[in-house]
Structures are given as C-alpha cells and as structure tokens.
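Residue numbers begin at 1 in each chain, while the letters A, B, ... track the order of the sequences. These values consider heavy atoms only, across backbone and side chains, with no hydrogens, waters or symmetry-generated copies.
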2 protein chains.
Amino acid sequence: MVQKSKKPPSAAKIEAPVAPKRRGRPRAYEPEVALGKALDLFRRDGFAATSLDDLSAATGMNRPSLYGAFGDKRELYIKSYQRYRDDARAAMVDIFRADAPLRERLERIYRIALDIYLSGESGPRGCFTVMTAASEAVSDPGIRTMVVEGLTELDKAFGICFRHAKERGELPEGADPASLAHLASATIHTIAIRARARVPRKELEAIVKGALDVLCAAK
Amino acid sequence: MVQKSKKPPSAAKIEAPVAPKRRGRPRAYEPEVALGKALDLFRRDGFAATSLDDLSAATGMNRPSLYGAFGDKRELYIKSYQRYRDDARAAMVDIFRADAPLRERLERIYRIALDIYLSGESGPRGCFTVMTAASEAVSDPGIRTMVVEGLTELDKAFGICFRHAKERGELPEGADPASLAHLASATIHTIAIRARARVPRKELEAIVKGALDVLCAAK
DNA sequence: ACTTTTTTGTACCATTTCGCATTTAATTCC
DNA sequence: GGAATTAAATGCGAAATGGTACAAAAAAGT
C-alpha cells in the first residue's frame with residue numbers, strides 16, 4: 001500500500017502516457033473514482049452506518065480488493081476525507097486568491113459551498129467535516145487532527161480575505177479581520193448544518209446575504 | 001407506551017407522594033436517569049455506533065426492559081434527543097427572557113452553551129443537534145423535523161434578543177435583527193463543532209468574544 | 001394462600017459486520 | 001508456450017447486532 005504516483009492525474013498523461021505496463025492482472029477499477037464513490041457513502045451515512053458491503057456495492061470492488069487498495073475501513077474513511085478536503089480546497093482556492101472586492105469574493109465562496117453541500121441524489125450531503133468527521137473526532141486523534149486542520153485552514157483563508165480588504169480600505173479602521181473570519185467560517189458551518197436538514201437553498205442564500213451585509217460593513 | 005404523567009417530576013412529589021401503588025413488580029430503574037445515560041451515549045457516538053448492548057450496560061437495564069420502556073432503538077434515540085432539547089432549552093430560557101443588556105445576555109447564553117458542549121468525561125460532547133441529529137436528518141423525516149424546529153427555535157430566541165436591543169437603542173438604526181440572530185446561531189454552531197474537535201475552551205471563548213464585538217456593534 | 005399484573009433476566013434467533021484465506025483469472029516476461 | 005506476477009472472485013468464520021420468546025420474580029388484589 002505505498003501508492004507512489006497518485007497525485008498528478010493530469011501530469012500523469014504526460015509522464016505515463018496511458019499504459020505504465022504493469023506486471024500482473026490489470027485492475028478493474030479506477031482508484032480515483034472508487035474513492036469518490038466511497039466518499040459519497042461515508043458523507044451521507046457517516047462512518048459507522050456505512051458497511052463494507054455498501055462500499056463494495058458502490059465502488060464495484062469486492063471487499064478484498066477494497067481492502068487491498070485502501071486498507072481497512074478506517075483508512076478508507078480517512079482517505080475519503082482527505083479527498084473531500086482536497087476537492088473542496090481546489091474548488092475554493094482560486095476564489096480566495098482572486099483579486100476582487102471583498103463582497104464579491106465572499107459571495108462566490110458561499111455559492112461554491114452551497115453547491116457542495118446541497119448536491120447529492122439522495123438528499124443534500126452537507127459538509128464532511130461538520131457532519132461526520134467532527135463526530136469521529138472525539139474518539140479518534142488522527143481524524144481530530146484533520147478536522148482541526150480543516151477548520152483553521154478555512155479561518156485563515158477568510159482571515160487573509162478580510163485583512164486584504166481592510167488594507168484596501170473596504171473595511172472600517174476598527175474592524176478585526178480575525179473575528180470577521182471566524183464569523184465567516186461560522187456561516188459556512190451553520191449553512192452546512194441547515195443544508196443537511198433540507199432547508200431550501202433560497203433560505204440558505206438569504207442567511208448568507210444577511211451575514212454578508214453585516215460582515216462587509218462591520219464596526 | 002402511553003406514559004401519562006411524566007413531565008412534572010417536581011410536582012409529582014405533591015400529587016403522587018412517592019408510591020402510586022403500581023400493580024406488578026416494581027421497576028428497578030428510574031426512567032429519567034436511564035434516559036439521561038442513553039442520551040450521553042447517543043451524543044458521544046451517534047446513532048449507528050451506539051449498540052443496544054452499550055445502552056443496556058450504561059443504563060443498567062437489560063435489553064427487553066429497554067425495549068419495553070422506550071421502544072426500539074430509533075424511538076429511544078428520538079426520546080433522548082427530545083430530552084436533550086428540553087434540557088438545553090431549560091438552561092437557556094431564563095437568560096433569553098431576562099431583562100439585561102444585550103451583550104450581557106449573549107455572554108451568558110454562550111457561557112451556558114460552552115458548558116454544555118465541553119462537558120463529558122470521555123471528551124467534549126458537542127451539540128446533539130449538530131453532531132448526530134443533523135446527520136440522521138437526511139434520511140429520517142421525523143428527526144429532520146426536530147432538527148429544523150431546534151434550529152429555528154434558536155434563531156427566534158436570538159431574534160427576539162436583538163429586536164429587543166434595537167428597540168432599546170442598543171443597536172444602530174440600520175441593524176437587522178434577523179441577520180444578527182442567524183450570525184449568533186452560527187456562532188453557536190461553529191463552537192459546537194470546534195468543541196467536538198477538542199479546541200480548548202480558551203480559544204472558543206476568544207471566538208465568542210470576537211463575535212460579540214461584531215454583533216453588538218453591528219452596522 | 002392464590003391469582004393477577006408488571007417487570008426482570010436468560011437465552012435465543014436471524015442477520016449483518018469486518019476481515020481474511022484460498023482459489024481463479026488476466027496479464028507480462030522469458 | 002510456460003513461469004511469474006498481480007488482481008478478482010468466492011466464500012468462510014468469528015463476532016456483534018437488533019430484536020424477541022419465555023420463564024422466574026416481585027409486588028398488589030382477593
């Protein structure tokens with residue numbers, strides 16, 4: 001289970017054209033898509049309620065293959081969570097880095113967040129961190145570390161946003177970027193929770209709008 | 001499972017002195033404390049990860065008794081959640097109704113919330129609604145309804161707070177109580193999540209302070 | 001004392017769960 | 001074509017799970 005070259009699926013097309021000429025029987029699954037399916041399940045049902053049979057059915061891999069590819073259930077869960085965070089980060093990083101007015105950046109961030117939280121065939125899926133990972137965090141130090149990392153990463157990204165906006169004069173002198181960032185994160189969290197309770201998108205958008213009205217004019 | 005007189009445990013001492021002279025073998029457990037133990041378990045581990053054996057061990061009741069007293073696992077979960085909400089409401093309702101300055105009322109609310117979320121022998125327990133009920137909400141309409149009720153109840157309580165404060169002139173003219181209430185709820189939620197990830201109380205208090213600085217001076 | 005009522009405690013059942021051992025299939029290297 | 005290698009497929013097994021049947025126990029009513 002060392003899995004060397006896995007990160008660059010785009011660069012892979014350059015370095016390893018298509019067939020790396022592996023030695024034995026070829027895999028009948030693509031690890032990336034299988035992990036995506038596993039992620040969907042874990043995200044919907046949580047760790048305990050997701051059985052290996054469910055995962056096996058969803059990924060199309062039988063249990064031994066699953067085990068061989070990703071390790072045991074906990075490892076698969078962690079890899080799923082890692083994948084979720086990578087995806088979420090990838091979807092937001094450009095916006096966080098973009099050079100746009102504060103309000104516009106925030107609006108785009110929340111639009112992406114809503115897309116992520118509300119998607120899903122069998123109901124809105126919410127946020128992996130908030131809905132299932134935080135629950136596991138009490139008893140599993142490894143997962144806890146990941147959760148804390150995720151939370152602080154979001155805080156920091158928002159913090160940079162607000163600090164930047166303050167430097168540009170978009171915020172009053174007295175505004176505290178750190179506090180505003182925490183409130184922005186909190187809005188992400190409250191939206192994730194409400195989405196999971198099937199609160200309609202319209203309402204969530206209204207909550208976001210109200211929050212932005214406060215945060216973009218604060219103090 | 002009709003359970004008539006159950007709500008007034010204090011008034012019970014007046015109406016039913018001690019022994020209502022029930023007919024058969026007396027119960028070896030007190031339903032209220034047993035439900036409290038069940039609540040603790042569900043809150044820590046969630047619905048799926050809590051087994052009837054665990055519940056049986058924690059409550060001291062064997063499974064048939066559990067079943068007879070509270071119904072099946074899902075019913076017990078719902079009753080636990082109901083109990084949690086009752087307790088939380090009871091702990092906060094006086095403060096919400098109190099006639100004190102905005103900031104002081106909010107500070108007291110958040111102090112209570114932190115007490116609730118951080119307590120627990122085997123680590124901080126977080127918020128039942130946020131940590132486990134919201135997860136179940138996607139697939140269980142009954143639980144979803146309760147979650148939505150709980151969320152809007154909190155929104156409303158905060159809303160009354162801010163509206164009241166605005167009428168008193170504690171907030172600027174342009175302030176929108178509803179938006180501020182949602183941000184106050186969001187702060188509750190973010191704190192519940194972070195508590196679960198074992199973020200120390202000091203940090204959570206700092207987040208609350210920052211939020212109050214913004215909310216009590218907004219717009 | 002004996003019946004009735006309510007609860008406890010033991011034991012059980014069918015199912016599900018995770019994990020693995022073993023066999024079979026597909027591919028490359030020689 | 002045959003050995004080597006890698007993965008799939010089957011299926012086993014021990015443990016745990018939710019739920020229940022049934023007998024023993026403890027109280028009140030008669």
Side-chain angles (χ1 to χ4, degrees), chain A residues 1-6 16-35 37-38 41-42 45-80 136 139-140, chain B residues 1-6 16-35 37-38 41-42 44-80 136 139-140 143:
Chain A
M1 276 1 70
V2 190
Q3 51 187 22
K4 303 156 199 172
S5 62
K6 212 177 173 186
V18 150
K21 286 294 180 189
R22 297 175 53 85
R23 193 74 156 64
R25 176 173 178 169
R27 282 192 285 224
Y29 59 91
E30 291 173 71
E32 295 297 327
V33 312
L35 190 58
K37 300 283 188 185
L41 274 199
F42 276 133
D45 299 332
F47 178 78
T50 303
S51 74
L52 286 187
D53 280 339
D54 296 336
L55 292 164
S56 176
T59 58
M61 304 163 64
N62 39 38
R63 276 200 308 269
S65 296
L66 258 181
Y67 203 81
F70 302 110
D72 70 2
K73 194 182 172 185
R74 181 175 168 279
E75 283 183 81
L76 178 52
Y77 178 84
I78 289 182
K79 292 194 170 91
S80 298
E136 306 299 324
S139 51
D140 189 314
Chain B
M1 275 357 71
V2 190
Q3 49 184 29
K4 304 156 199 172
S5 64
K6 212 178 171 185
V18 149
K21 286 293 182 191
R22 298 175 51 86
R23 193 77 155 65
R25 175 172 180 170
R27 281 194 284 226
Y29 59 91
E30 292 173 70
E32 295 297 327
V33 312
L35 190 57
K37 299 284 189 185
L41 274 198
F42 276 133
R44 193 187 63 191
D45 298 333
F47 177 78
T50 303
S51 73
L52 286 186
D53 279 339
D54 296 336
L55 292 164
S56 177
T59 58
M61 304 162 65
N62 41 37
R63 267 184 317 215
S65 295
L66 258 181
Y67 203 80
F70 302 110
D72 70 2
K73 193 182 173 185
R74 181 174 167 277
E75 283 183 82
L76 177 52
Y77 178 84
I78 289 182
K79 291 194 170 91
S80 297
E136 305 300 324
S139 50
D140 190 313
I143 296 175

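- Note that the CG atom of A/D45 and the OG atom of B/S139 stand 6.5 Å from one another [nearest 0.5 Å].
- Distance CD (A/E75) to P (C/dC18): 15 Å, rounded to an integer number of Å.
- Residue A/T50 is classed as a sugar-phosphate contact, given heavy-atom separations below 4.0 Å to backbone atoms only.
- Checking C/dC12, D/dA7, D/dA26 against the side-chain heavy atoms of B/R63 singles out C/dC12 as nearest.
- Separating the OH atom of B/Y77 from the P atom of D/dG18 is a distance of 14 Å, rounded to the nearest angstrom.
- In this entry the distance linking CG of A/D53 with C1' of D/dT17 reads 14 Å, nearest Å.
- Of the candidates C/dT8, D/dG19, C/dT28, D/dG19 carries the atom nearest the B/Y67 side chain, counting heavy atoms from C-beta on.
- Residues B/I143 and B/Y77 have side chains in contact (heavy-atom distance under 4.5 Å, counting atoms from C-beta outward).
- Between A/S51 and the phosphate of C/dT16, there is no side-chain N or O to OP1/OP2 separation shorter than 4.0 Å.
- Closest to the side chain of A/R25, from the set D/dA8, D/dA25, D/dG11, is D/dA8.
- Between the C1' atom of D/dA7 and the CZ atom of A/F70 lies a distance of 14 Å, rounded to the nearest Å.
- Closest contact between the side chain of B/Y29 and the listed nucleotides C/dT27, D/dT20, C/dT7 involves C/dT7.
- When distances run from any side-chain atom of A/P26 to the nucleotides C/dA25, C/dT27, C/dT8, the shortest one goes to C/dT27.
- Not one N or O on the side chain of A/K37 forms a donor-acceptor pair closer than 3.5 Å with the backbone of A/A57.
- Between the P atom of D/dA25 and the CZ atom of B/R23 lies a distance of 20 Å, rounded to the nearest Å.
- Of the inter-residue distances, the one linking B/N62 atom CG with B/L52 atom CG reads 11.5 Å to the nearest 0.5 angstrom.
- Ranking C/dC20, C/dC18, D/dT17 by closeness to the A/L52 side chain, first place goes to C/dC18.
- Listed nucleotides: C/dT8, C/dT6, C/dC18. Nearest to the side chain of B/R22: C/dT6.
- Looking at B/D54 and B/S51, their side chains do bring a donor and an acceptor atom within 3.5 Å of each other.
- Within 4.0 Å (heavy atoms only), A/R27 reaches sugar-phosphate atoms of the nucleic acid but no base atom.
- Between A/P64 and A/G24, the residue anchored closer to the 5' end of DNA chain D is A/G24, taking for each the nucleotide with the nearest heavy atom.
- Checking D/dG19, C/dT8, D/dA7 against every side-chain atom of B/K73, the shortest atom distance belongs to D/dG19.
- In terms of phosphate contacts, A/N62 brings no side-chain nitrogen or oxygen within less than 4.0 Å of OP1 or OP2 of D/dA8.
- Per the geometry, CG belonging to A/L55 stands 11 Å off C1' belonging to C/dC18, to the nearest Å.
- Comparing atom distances between the A/D72 side chain and each of D/dA25, C/dG19, D/dT17 picks out C/dG19 as nearest.
- A distance of 9.5 Å separates CG of A/L35 from CZ of A/F42, quoted to the nearest 0.5 Å.
- Two residues, B/R74 and A/S65, neighbour DNA chain D, and the one matched to the more 5' nucleotide by heavy-atom proximity is A/S65.
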